[in-house]
2 protein chains.
Amino acid sequence: MVERARQPIGRPRDSRVDEAITRAVRELLAEVGYTGLTMDAVAARAGVGKAAIYRRYATKQEMVFAAAIHGETLEVPPDSGSLLGDLTALARVIVGHLSNPAASGTLLSLLGEITTDPALAERFTRTFVEPERAGNAELLERAVRRGELERMPDVDLFHAVFGGAVLSWLFISRHDPHDLPERLARFACAALRSAEPHPPTAERRT
Amino acid sequence: MVERARQPIGRPRDSRVDEAITRAVRELLAEVGYTGLTMDAVAARAGVGKAAIYRRYATKQEMVFAAAIHGETLEVPPDSGSLLGDLTALARVIVGHLSNPAASGTLLSLLGEITTDPALAERFTRTFVEPERAGNAELLERAVRRGELERMPDVDLFHAVFGGAVLSWLFISRHDPHDLPERLARFACAALRSAEPHPPTAERRT
DNA sequence: ATAGTTCCGGAACTTTTCGTATCGGAAAGG
DNA sequence: CCTTTCCGATACGAAAAGTTCCGGAACTAT
């Protein structure tokens with residue numbers, strides 16, 4: 001009853017095959033999109049057999065998801081000394097990631113699939129959404145500690161506004177992103193600074 | 001040589017077939033999503049032959065696009081008397097439209113396709129994005145005329161922020177939208193009101 | 001009325017793609 | 001040496017997109 005044989009026996013998997021598959025998926029996603037991507041094309045470009053792919057991923061959906069999130073953690077930008085500077089840097093990080101054609105095409109196609117697949121939605125939330133929300137919260141906490149903000153803002157709302165604005169700017173309006181970070185950061189900064197419960201009529205003042 | 005026969009001859013198209021196809025597409029999009037939608041399923045549910053579909057739309061993409069935007073013009077909410085009220089109403093309209101499972105699934109899947117199809121992207125912009133941006137501009141102009149805003153804000157940025165925030169809230173964060181309109185309107189209103197080029201140091205004053 | 005045109009639902013057909021299975025061979029452990 | 005698992009290659013069945021034909025119906029022009 002002692003579970004001992006933890007190391008697998010048999011020929012081990014070739015890590016170069018993993019890398020070739022991931023690279024092929026990303027290239028093809030950028031070129032032909034999610035619906036245009038075929039398993040045979042992935043196998044051909046990666047120079048592997050289809051069996052090698054299905055040994056790793058059960059479905060095309062799973063393969064694409066894995067390739068899309070492979071090491072794609074948005075890092076929190078370093079403390080710039082001001083909320084406006086931090087927000088500008090954050091916007092630049094998001095724009096940078098979403099400007100990658102492979103990542104953007106994958107993200108949008110995945111969003112379409114998510115509406116009908118609760119399990120995929122759950123994984124997406126844990127892998128993508130939660131870490132980014134936590135990063136945003138950290139950035140806002142710095143501003144509170146700095147004294148730029150009196151209290152902690154509505155993190156959920158800020159997260160939706162900031163990420164959603166970049167998403168909409170790039171993929172719905174399809175504008176040039178070159179000066180978006182400055183404009184968006186100024187907009188968000190203004191909103192956060194004047195986040196008083198009741199604006200002009202100061203009914204309660206300690 | 002006189003071009004006279006402008007009215008088509010032969011059996012006219014049955015408008016009930018158009019309606020049945022559109023309804024079937026929307027129902028199926030909500031149930032199985034874009035990639036899960038098949039032409040055979042549309043034909044079966046609509047109770048029509050596939051030939052009737054292909055007589056109207058050349059491709060699946062075109063059919064879905066047509067069904068998605070069928071009379072889906074976001075109307076500008078009536079003047080509520082204040083910018084905050086107008087923004088809350090606008091957010092409610094957007095949330096209402098995007099909460100429809102058929103419309104939301106369609107929109108997201110379409111976004112994924114758009115990344116690899118410039119022609120589709122162009123049509124999407126003209127049909128969806130431009131009218132909504134114009135509606136936002138009208139709403140902001142009311143606030144300027146009312147005196148709530150000193151000058152016209154950055155409409156492109158506002159449009160991306162407002163729509164993008166709802167999009168992200170619903171489909172990326174996947175939160176409950178019931179109190180989003182109020183929170184988002186307050187956030188955006190605060191940003192718009194304090195949109196001064198240089199905040200405290202009033203260097204130029206006429 | 002009748003001929004010509006276009007529509008209708010239904011069904012057969014071709015091509016493409018997903019996912020599985022099978023093959024000979026290679027790389028690891030027992 | 002033997003078992004297991006991997007490898008690339010290929011073949012296969014099921015499903016689905018898109019095309020095409022059918023017999024019949026509806027509408028226009030003559």
Side-chain angles (χ1 to χ4, degrees), chain A residues 2-25 28-29 31-67 109-110 112-113 116-117 120, chain B residues 2-25 28-29 31-67 109-110 112-113 116-117 120:
Chain A
V2 188
E3 287 209 23
R4 198 128 73 73
R6 267 285 162 251
Q7 61 214 0
I9 83 172
R11 176 174 176 174
R13 290 189 182 169
D14 189 340
S15 65
R16 288 171 310 188
V17 172
D18 295 74
E19 294 160 15
I21 293 173
T22 300
R23 183 164 359 105
V25 171
L28 286 168
L29 277 174
E31 291 171 21
V32 297
Y34 181 85
T35 53
L37 179 142
T38 70
M39 302 300 273
D40 292 88
V42 172
R45 179 163 305 197
V48 307
K50 283 209 294 178
I53 299 177
Y54 280 105
R55 219 171 276 122
R56 292 165 169 78
Y57 312 107
T59 65
K60 172 182 171 181
Q61 211 177 50
E62 190 178 318
M63 178 191 72
V64 170
F65 183 78
S109 300
L110 229 44
E113 302 276 305
T116 53
D117 187 341
L120 182 64
Chain B
V2 188
E3 286 208 23
R4 198 130 72 75
R6 267 284 162 253
Q7 60 213 359
I9 79 175
R11 178 174 174 174
R13 290 190 183 170
D14 190 339
S15 65
R16 288 171 311 189
V17 172
D18 296 76
E19 293 161 16
I21 292 173
T22 300
R23 184 165 356 106
V25 170
L28 286 167
L29 277 173
E31 292 171 21
V32 298
Y34 181 86
T35 55
L37 179 141
T38 70
M39 302 301 273
D40 292 271
V42 172
R45 179 163 304 199
V48 306
K50 285 209 289 178
I53 299 177
Y54 281 107
R55 218 171 278 123
R56 291 164 170 77
Y57 312 108
T59 64
K60 172 182 171 182
Q61 215 177 47
E62 191 179 317
M63 177 191 71
V64 170
F65 183 78
S109 300
L110 227 45
E113 301 278 304
T116 53
D117 188 340
L120 183 64

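Numbers restart at 1 for each chain; the letters A, B, ... are given by sequence-line order, proteins then strands.
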Contact letters for nucleotides 10-22 of chain C, in which S counts primed atoms plus P, OP1 and OP2 and B counts the base, heavy atoms under 4.0 Å: B------SSBB--
Greater than 12 external heavy atoms within 6.0 Å of B:Arg16's CZ: no
B:Val42 vs B:Thr38 side-chain heavy atoms within contact, under 4.5 Å: no
Separation of atom CZ in A:Arg11 from atom P in C:dA27, rounded to whole Å: 6 Å
Close approaches to DNA chain C from residues 14-25 of chain B, in residue order (heavy atom, under 4.0 Å): B:Asp14, B:Val17
Close side-chain approach of A:Met63 to A:Leu37, heavy-atom, < 4.5 Å: yes
Test: A:Lys60 cationic atom under 6.0 Å from A:Tyr34 six-membered ring centre, within 45° of axis: yes
Heavy-atom donor-acceptor pair, A:Arg13 side chain to A:Arg55 backbone, under 3.5 Å: yes
Validation row: A:Val64, A:Tyr57 side chains within 4.5 angstrom (heavy atoms): no
Side chains of A:Met39 and A:Tyr54 in contact at under 4.5 Å (non-hydrogen atoms): yes
Nearest heavy-atom neighbours spanning B:Asp14 and B:Arg56: O-NH2, 3.6 Å
